[in-house]
Amino acid sequence: DIKPVADEALQQCTSLLAELEEERSRNKAGIVVLEAEKDVQAQLAKALDIQCSKLQADLDEQRKHQPLAAATIADDADIQQGTSLYAQLEEERSRNKANIDALEAARSAQSQSA
């Protein structure tokens, strides 16, 4: 008799359909939340952009009235860049020394095995 099998299949389909509807409802709610977050992020980005523009204008105005301060700011930036480049150089030197040490060890091992 096929009726019990058909009833079981219908029950499974009904259950799966209900799960699908629940998932669809959760997805819709999630989309609403994401859209709200997106709007908030856009508003924050706009506010930050306005604040940055104001700060840049204030800084430009201060530089007009205090040329020495502008030079000091530029010097500070140069010092920071130089410090960063020196740190990179030291890292490169360290890597080179490690490579040289590894090569020397390999040569030593090769000459001892020969």
Side-chain angles (χ1 to χ4, degrees):
D1 192 14
I2 196 164
K3 183 160 176 24
V5 175
D7 287 345
E8 175 71 22
L10 180 61
Q11 188 177 11
Q12 286 179 348
C13 286
T14 303
S15 176
L16 288 173
L17 185 59
E19 288 179 33
L20 179 62
E21 287 300 321
E22 285 178 26
E23 184 68 24
R24 187 177 289 156
S25 177
R26 283 193 298 272
N27 287 345
K28 284 182 181 178
I31 289 170
V32 169
V33 168
L34 288 174
E35 288 294 329
E37 288 178 358
K38 180 180 164 186
D39 291 344
V40 168
Q41 292 294 329
Q43 290 172 357
L44 286 173
K46 187 175 181 180
L48 282 173
D49 189 43
I50 291 169
Q51 186 65 26
C52 286
S53 294
K54 287 180 182 178
L55 288 172
Q56 185 63 50
D58 289 348
L59 182 59
D60 291 344
E61 188 63 28
Q62 287 178 1
R63 284 181 178 166
K64 286 180 190 174
H65 299 295
Q66 298 174 353
L68 183 58
T72 302
I73 290 169
D75 288 346
D76 287 348
D78 289 344
I79 289 169
Q80 286 178 340
Q81 184 179 12
T83 302
S84 174
L85 290 173
Y86 184 76
Q88 290 174 9
L89 176 64
E90 286 300 314
E91 288 176 14
E92 187 66 27
R93 281 184 182 162
S94 177
R95 281 193 296 274
N96 287 344
K97 184 177 181 331
N99 287 338
I100 289 169
D101 290 346
L103 281 172
E104 300 261 339
R107 283 184 186 156
S108 176
Q110 189 177 27
S111 67
Q112 288 177 0
S113 67

Quiz item: Is the number of heavy atoms from other residues, nucleotides or ligands within 6.0 Å of CD (Gln11) greater than 12?
Solution: no
Quiz item: Does the side chain of Glu23 reach to within under 4.5 Å of the side chain of Glu19, using non-hydrogen atoms?
Solution: no
Practice problem: Mark yes when over 12 heavy atoms from residues, nucleotides or ligands other than Gln81 sit less than 6.0 Å from its CD; otherwise mark no. | Solution: no
Practice problem: Working to the nearest 0.5 Å, report the span between CD1 of Ile79 and OG1 of Thr83. | Solution: 7.0 Å
Considering only distance and modelled atom types, tabulate donor-acceptor pairs under 3.5 Å from the side chains of residues 37-53, sequence neighbours left out.
{"residue": "Ser53", "atom": "OG", "partner": "Asp49", "partner atom": "O", "Å": "3.0"}

Quiz item: Do the charged groups of Lys3 and Asp7 touch, with an N to O distance under 4.0 Å?
Solution: yes
Exercise. Give a yes or no answer on whether the side chain of Ser111 reaches the backbone of Arg107 with a donor-acceptor pair at less than 3.5 Å.
Key: yes
Quiz item: What distance do Arg24 atom CZ and Leu20 atom CG have between them, rounded to the nearest 0.5 Å?
Solution: 5.0 Å
Quiz item: Has the side chain of Ser108 got a donor or acceptor atom that lies under 3.5 Å from a matching backbone atom of Glu104?
Solution: no
Quiz item: Leu85 versus Leu89: any side-chain heavy-atom pair under 4.5 Å?
Solution: no
